[in-house]
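Below: the structure, in structure tokens.
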Amino acid sequence: MHLSEQELQRRKERENLLELNIEPYPSALFEVNVTTEEIKENFDSNPENFKEISIAGRMMSRRIMGSASFAEIQDEKGRIQFYVRRDDICPEEDKTLYNTVFKKLLDIGDIIGLKGFVFKTQVGEISIHVTDLKLLSKSLKPLPIVKQTEDEEGNVKTHDAFTDPELRYRQRYVDLIVNPEVRKTFIQRTQLVNSIRGFLADRGYLEVETPVLQPLYGGAAARPFKTHHNTLDMTLYLRIANELYLKRLIVGGYDGVFEFAKDFRNEGMSRFHNPEFTQVELYVAYKDYNWMMDLVEEMIEKAALDLHGTTKVQVGENVIDFKRPWKRYTMFEAIEHFTGIDISSMDEPELREVCKKLNVPVDETMGKGKLIDEIFGEQCEPLLIQPTYITDYPVEMSPLAKRHREKEGLVERFEAICNGKEICNAFSELNDPIDQRKRFEEQLELGKRGDDEAMVLDEDFLRALEYGMPPTAGLGVGIDRLAMIMTNSPSIQDVIFFPQMKAKKKPQYASEKDYVALGVRAELVPILQKIGLVTIEQLKQANPNKLFNDVCGMRKKMKLKEVKNPDLEEVKNWLV
RNA sequence: GAUUCGAUAGCUCAGCUGGUAGAGCAUCUCCCUUUUAAGGAGAGGGUCCUGGGUUCGAGCCCCAGUCGAAUCACCA
């Protein structure tokens with residue numbers, strides 16, 4: 001393993017601490033009685049409450065000025081400056097704790113505990129005057145240092161921001177340490193979930209859990225992840241939705257059930273798609289989709305209020321207002337509104353004409369429903385910024401929704417569109433088992449025609465319906481998409497702690513033993529690694545003359561005076 | 001999957017027409033006081049993503065690859 005100079009330095013510091021009988025990773029708890037936030041908010045009004053504080057966190061900056069120093073400590077809530085004076089933390093003769101430990105053996109990134117009192121500096125910054133300092137955990141890897149300054153107008157300017165998306169997502173822990181707004185985003189995501197959970201629980205609906213591993217995948221149209229159970233020797237799928245299980249529970253007699261579900265779809269990735277994502281699904285008996293629209297409006301409006309204290313949320317360049325009531329269009333109305341074309345009574349050839357005219361891409365396999373959906377998706381959806389309900393979808397696209405009570409060829413379904421994207425999907429659930437079987441069979445036909453996202457027939461679910469499911473309204477809300485909007489995040493990766501990333505290929509690093517087995521002296525191993533020959537295969541392919549040169553050159557460069565250079569014969573022997 | 005762009009010090013980035021690898025921050029040494037991106041003096045730190053090629057000479061040009069980003073496509 002290659003270590004940078006700074007990493008080696010810190011490992012050395014760790015050793016030095018041990019030699020001073022200072023445990024770099026102590027086990028005892030450290031009593032914390034205040035947070036940075038509490039100090040900053042309350043010190044001015046109640047300074048006497050902060051005479052004996054104890055706080056822990058990560059040291060994020062340090063400015064040493066001889067026998068006194070300023071540094072910053074960061075806890076979960078924020079940062080605060082602290083002031084350390086040598087003679088405060090070392091009242092006796094022995095000044096090691098300040099001169100050696102604080103100044104030399106501590107680094108930015110170390111986790112420390114402080115005791116002391118709060119005061120204000122001459123410049124007016126609330127700070128902690130430290131009387132006792134304890135190392136709680138030594139950090140061996142240097143952090144990217146992000147500095148922020150404020151100009152006279154109070155604009156915060158960030159220097160050397162840690163922005164590389166790859167590193168931020170692969171090492172989210174670093175992102176969270178140095179980019180405080182990231183921590184805030186995820187707190188808001190949790191607040192959003194809590195708000196919705198509370199809203200639904202207050203209405204008496206039951207939060208449940210249903211299988212993630214399913215023998216048949218259903219409830220949505222998507223390609224699944226496939227896996228295998230060894231003991232049962234059977235194929236299982238990671239769920240693409242939990243809809244059919246929640247409906248079974250409605251059959252079983254619960255009148256309202258919901259689940260925050262991780263779903264998995266084996267499809268493309270984009271800033272709106274992660275292979276695993278979160279939905280909350282809700283089913284309520286004896287209700288219909290009109291009732292559900294009212295509920296969703298209320299629920300999301302409340303979530304906005306809980307997070308922001310207002311129904312207005314800044315998203316990119318737009319301000320989105322979740323205040324009830326939201327605009328409602330039928331799908332046909334929306335298409336007519338945005339294109340001027342009334343397609344409500346068109347047949348398939350006429351729809352194809354319209355697509356051509358509007359430059360909507362189509363292909364042969366698309367039926368009437370898909371064509372309508374395509375027109376909507378191309379011409380309307382991206383233009384819907386404020387929360388808007390689109391209702392009454394073509395039946396072909398909605399095999400689990402109930403036929404419309406009045407309109408032929410449509411189902412009682414709605415989606416809420418916001419910022420140009422779907423945030424929820426709901427319908428009056430189809431509970432006629434005969435019709436449901438027919439719809440599944442139509443899906444099977446689509447599957448035979450090559451649609452690899454067509455639904456599969458679930459006999460057990462049909463059996464449940466045959467026992468009788470009450471009329472039910474069902475809902476699915478994409479939590480990630482909603483979180484993106486509520487936190488003003490442009491990418492789904494910004495609201496998922498550990499978004500899926502392509503695996504990094506790691507070469508099989510050879511160990512010292514592997515080199516020695518070839519006759520390489522152990523002291524030469526670091527040289528070979530430094531040259532870049534980290535696998536035996538690479539070493540074997542090296543040109544002996546060049547290798548000999550490189551080794552001697554690198555030895556000099558690394559200033560390994562005590563290491564004896566190999567001769568050419570010796571190098572050649574490694575490669576035999 | 002397609003197109004475009006990118007990869008240089010721990011971090012953020014510069015690097016001219018192909019000619020000895022640079023800055024700021026971070027790190028190390030020295031001075032230092034309630035400082036404000038504290039300051040001053042000095043030092044160390046590089047597989048210029050990988051592999052080929054062109055060339056007397058490649059961070060830079062060419063080819064292939066890896067990884068990433070953006071846009072598009074797919075995702076009812």
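For clarity, every value in this text was computed on a predicted model and none was experimentally measured. Chain letters run A, B, ... following the sequence lines, proteins first, then strands; residues in each count from 1.
One P atom belongs to U27(B), the other to C16(B), and the distance between them is 30 Å to the nearest Å. Atom name P, nucleotides C49(B) and G59(B): the rounded distance is 10 Å, in whole Å. Annotation: U71(B) and G52(B) have their P atoms spaced 36 Å apart (nearest Å). Taking atom C1' in both U34(B) and U29(B), the straight-line distance is 26 Å, to the nearest Å. Between G18(B) and C74(B), the two C1' atoms lie 44 Å apart (nearest whole Å). The P atoms of U20(B) and A73(B) are separated by 47 Å, rounded to the nearest whole Å. Comparing the same atom, P, in A41(B) and in G57(B) gives a spacing of 42 Å after rounding to whole Å. With C1' as the reference atom, A58(B) and U17(B) are 14 Å apart, rounded to whole Å.
The side chain of Gln6(A) lies closest to G10(B), out of C74(B), U34(B), G10(B). Here the side chain of Gln122(A) is nearest to one of A69(B), U35(B), C74(B), namely U35(B). Taking every side-chain heavy atom of Glu125(A) into account, U36(B) is the closest of C74(B), U35(B), U36(B).
At the heavy-atom level, Met60(A) lies nowhere under 4.0 Å from the strands shown. Among the protein residues, Phe119(A) comes within range of the nucleic acid bases, having at least one heavy atom under 4.0 Å from a base atom. Looking at heavy-atom distances under 4.0 Å, Gln9(A) makes contact with sugar-phosphate atoms alone, never a base. Note on Lys370(A): only backbone sugar-phosphate atoms sit closer than 4.0 angstrom, heavy atoms only; bases stay farther off. Heavy atoms of Arg85(A) sit nowhere under 4.0 angstrom from any nucleic acid atom. Heavy atoms of Lys103(A) sit nowhere under 4.0 angstrom from any nucleic acid atom. Here Glu396(A) lies out of heavy-atom contact (under 4.0 Å) with every strand. Contacts of Glu13(A) with the nucleic acid, taken as non-hydrogen atoms under 4.0 Å apart, involve only primed sugar atoms and P, OP1 or OP2. Looking at heavy-atom distances under 4.0 Å, Ala68(A) makes contact with sugar-phosphate atoms alone, never a base.
With hydrogens and angles ignored, no donor-acceptor pair closer than 3.5 Å exists between the side chain of Glu5(A) and the base of U27(B). In the interface, the side chain of Ser69(A) is not paired with the base of U35(B) through any donor and acceptor atom under 3.5 Å apart.
Residue pairs meeting the salt bridge (Lys or Arg N to Asp or Glu O under 4.0 Å) criterion with at least one partner in residues 100-110 of chain A, sequence neighbours excluded, are Arg10(A)-Asp107(A), Asp107(A)-Lys138(A), Asp110(A)-Lys138(A).
Under a 4.0 Å N-O distance rule, the pair Lys262(A)/Glu276(A) qualifies as a salt bridge. A salt bridge is defined here as a Lys NZ or Arg NE, NH1 or NH2 lying under 4.0 Å from an Asp or Glu carboxylate O, and Glu442(A) with Lys438(A) fails to meet this definition.
A search for salt bridge (Lys or Arg N to Asp or Glu O under 4.0 Å) contacts involving Lys407(A) returns Asp392(A), not counting sequence neighbours. Applying the side-chain contact (heavy atoms from CB on, under 4.5 Å) criterion to Phe50(A), with sequence neighbours excluded, gives Val34(A), Ile39(A), Asn42(A), Phe43(A), Ile53(A), Val118(A). Applying the side-chain contact (heavy atoms from CB on, under 4.5 Å) criterion to Ala426(A), with sequence neighbours excluded, gives Met292(A), Phe414(A), Leu475(A).
Base pairing of A37(B) is not made with any nucleotide, judged by Watson-Crick or G-U wobble geometry with both donor-acceptor distances under 3.5 Å. In this structure, A23(B) and U12(B) make a Watson-Crick or G-U wobble pair, each of the two defining distances being under 3.5 angstrom. Searching all strands for a Watson-Crick or G-U wobble partner of A58(B) with both distances below 3.5 Å returns nothing. Pair assignment for G42(B) gives C28(B), based on Watson-Crick or G-U wobble hydrogen-bonding distances that are each under 3.5 Å. The partner of G6(B), taking Watson-Crick or G-U wobble pairs whose two distances both stay under 3.5 Å, is C67(B).
Nearest-nucleotide positions on RNA chain B place Pro142(A) closer to the 5' end than the other of Leu106(A) and Pro142(A). Heavy-atom distances to RNA chain B give each of Glu422(A) and Ser491(A) a nearest nucleotide, and the one nearer the 5′ end belongs to Ser491(A).
Spacing between atom CD of Glu378(A) and atom C1' of C72(B) amounts to 11 Å, rounded to whole angstrom units. The CG atom of Asp88(A) sits 11 Å away from the P atom of U34(B) (whole-angstrom rounding). Atom-to-atom, CE of Met65(A) to C1' of C32(B) comes out at 8 Å; the value is rounded to the nearest Å. Summarising the geometry, the separation between CD on Glu72(A) and P on U34(B) is reported as 17 Å, rounded to the nearest angstrom. Taking atom CG of residue Leu140(A) and atom C1' of nucleotide G10(B), one finds them 14 Å apart after rounding to whole Å. Between the C1' atom of U35(B) and the CD1 atom of Ile64(A) lies a distance of 13 Å, rounded to the nearest Å. The distance between atom CZ of Arg62(A) and atom C1' of G39(B), rounded to the nearest whole Å, is 17 Å. The nearest whole Å value for the distance from the CD atom in Gln81(A) to the P atom in U35(B) is 10 Å.
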### Summary
B/S/- along nucleotides 1-7 of chain B (protein heavy atoms under 4.0 Å) is -------
### Query
Going through the distances and angles, do Asn425(A) and Arg413(A) end up as a side-chain hydrogen bond (donor to acceptor under 3.5 Å, both in side chains)?
CA-CA 7 Å; Asn425(A) 182 15; Arg413(A) 168 177 173 184; 3.0 Å; yes
Please list every donor-acceptor pair under 3.5 Å in which a side-chain atom of residues 65-73 of chain A meets a protein atom from a residue at least two apart or in another chain.
{"unit_1": "Ser69(A)", "atom_1": "OG", "unit_2": "Tyr98(A)", "atom_2": "OH", "d": "2.7"}
{"unit_1": "Glu72(A)", "atom_1": "OE1", "unit_2": "Ser61(A)", "atom_2": "OG", "d": "2.9"}

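Using a 4.5 Å heavy-atom threshold, the side chains of Thr100(A) and Leu20(A) count as touching.
Between Glu7(A) and the options Lys12(A), Arg14(A), Lys141(A), a salt bridge (charged side-chain N to carboxylate O under 4.0 Å, His left out) holds for only Lys141(A).
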